[in-house]
**Student:** 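The structure follows.
For clarity, every value in this text was computed on a predicted model and none was experimentally measured.
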Amino acid sequence: MAEPSLALQGAILSTIKNHTAAGANVFDKVTPNVFPRIQIGNGQTIPNDATCVDGFDVFFQIDVYSNLDGYPQAKAIAGEIHGLLHKKPLAVSGFNLVDLYLAGAVFTRETDDTISRARIMVEAQLEAL
């Protein structure tokens with residue numbers, strides 16, 4: 001069985017890549033000086049087994065970075081991501097996606113005040129097939 005968060009990450013990447021204002025700039029690593037960009041951030045997988053079901057709660061962060069003045073671009077991309085993912089029935093290889101939702105977003109500036117950032121919290125429940 002694949003690691004559930006990796007399978008979900010693949011489904012999310014294919015869903016958002018080239019479907020937001022960030023275009024193809026969707027990464028799972030630090031990629032400085034590429035703007036706007038989306039990065040899959042830190043995460044956690046917790047087993048949530050029930051009778052006869054291998055279940056998992058998966059949490060991770062999606063980061064949006066913009067170097068345009070103010071928050072408009074970062075917030076707009078966060079809204080696009082919400083529309084693409086929240087409560088959507090994504091196909092996750094090897095798993096049944098029970099629920100996927102965006103639990104919130106935090107908007108901050110990076111330390112030099114020139115980069116706007118959106119931190120989007122993703123929560124999902126998966127069952128192994």
**Student:** Cation-pi between Arg117 and Tyr71: NZ/CZ under 6.0 Å from ring centre and within 45° of the ring axis?
**Tutor:** no
**Student:** Roughly how far, to the nearest 0.5 Å, is OG1 of Thr108 from CD1 of Ile115?
**Tutor:** 11.0 Å
**Student:** Minimum heavy-atom separation for Gly41 to Asp63, with atom names?
**Tutor:** CA-OD2, 4.0 Å
**Student:** State whether the side chain of Arg37 and the backbone N or O of Thr31 hold a donor-acceptor pair below 3.5 Å, judged by distance alone.
**Tutor:** yes
**Student:** Hey, any chance Leu8 and Ile81 share a hydrophobic cluster, counting ILVMFWY side chains that come within less than 4.5 Å of each other, even indirectly?
**Tutor:** yes
**Student:** Output yes when a side-chain donor or acceptor of Ser66 lies under 3.5 Å from a complementary backbone atom of Gln73, and no otherwise.
**Tutor:** no
**Student:** Please examine the side chains of Tyr101 and His82, heavy atoms only from C-beta on, and report whether any two atoms are closer than 4.5 Å.
**Tutor:** no
**Student:** Within the structure provided, determine whether Gln125 and Leu100 are in side-chain contact (heavy-atom separation under 4.5 Å).
**Tutor:** no
**Student:** Let me check something: do Tyr65 and Ile16 share a hydrophobic cluster, defined by ILVMFWY side-chain heavy atoms less than 4.5 Å apart, either directly or through other members?
**Tutor:** no
**Student:** Rounded to the nearest 0.5 Å, what separation is found between the CG atom of Asn48 and the CD atom of Glu127?
**Tutor:** 9.5 Å
**Student:** Is a side-chain N or O of Asn18 found less than 3.5 angstrom from the main chain of Ala24, in a donor-acceptor match?
**Tutor:** yes
**Student:** So, for Ile38 and Val64, which heavy atoms are closest and what is the spacing to 0.1 Å?
**Tutor:** CG1-CG2, 4.3 Å
**Student:** Hydrophobic cluster membership, with links at side-chain heavy-atom distances under 4.5 Å among I/L/V/M/F/W/Y: are Phe95 and Leu90 in one?
**Tutor:** yes
**Student:** Testing the basics here: between Ser116 and Arg109, what is the closest heavy-atom pair and its distance to 0.1 Å?
**Tutor:** OG-NH1, 3.2 Å
**Student:** Within the side chain of His19, is there an N or O that forms a donor-acceptor pair under 3.5 Å with the backbone of Lys17?
**Tutor:** yes
**Student:** Mind checking whether Ile62 and Val92 sit in one hydrophobic cluster, side chains of I, L, V, M, F, W, Y counted as touching below 4.5 Å?
**Tutor:** yes
**Student:** Counting N and O atoms only, with roles assigned by atom type, does the side chain of Asn67 sit under 3.5 Å from a partner on the main chain of Phe35, one being a donor and the other an acceptor?
**Tutor:** no
**Student:** Distance check, rounded to the nearest 0.5 Å: Ile46 atom CD1 versus Ser5 atom OG?
**Tutor:** 11.5 Å
**Student:** Can you measure from OG1 (Thr45) to CZ (Phe60) and round to the nearest 0.5 angstrom?
**Tutor:** 9.0 Å
**Student:** What's the spacing between Gln39 CD and Asn25 CG if we round to 0.5 Å?
**Tutor:** 10.0 Å
**Student:** How close do Ala78 and Ala118 get, heavy atom to heavy atom, and via which atoms?
**Tutor:** CB-CB, 4.2 Å
**Student:** Measure across Leu84 and Lys88 and return the closest heavy-atom pair with its distance rounded to 0.1 Å.
**Tutor:** O-CG, 3.2 Å
**Student:** Looking only at atom types and distance, does a side-chain atom of Asp112 sit under 3.5 Å from a main-chain N or O of Thr114, one as donor and one as acceptor?
**Tutor:** yes
**Student:** Ala7 and Ser93: which non-hydrogen atoms are nearest, and at how many Å?
**Tutor:** CB-O, 3.5 Å
**Student:** Within the structure provided, determine whether Asn96 and Leu126 are in side-chain contact (heavy-atom separation under 4.5 Å).
**Tutor:** no
**Student:** To the nearest 0.5 Å, how far apart are CD in Glu123 and CD in Gln44?
**Tutor:** 10.5 Å
**Student:** May I ask you to decide if Leu102's main-chain N or O and His86's side chain share a donor-acceptor pair within less than 3.5 Å?
**Tutor:** yes
**Student:** Please say yes or no: joined through hydrophobic side-chain contacts below 4.5 Å, possibly via intermediate residues, are Phe27 and Leu6 part of one cluster?
**Tutor:** no
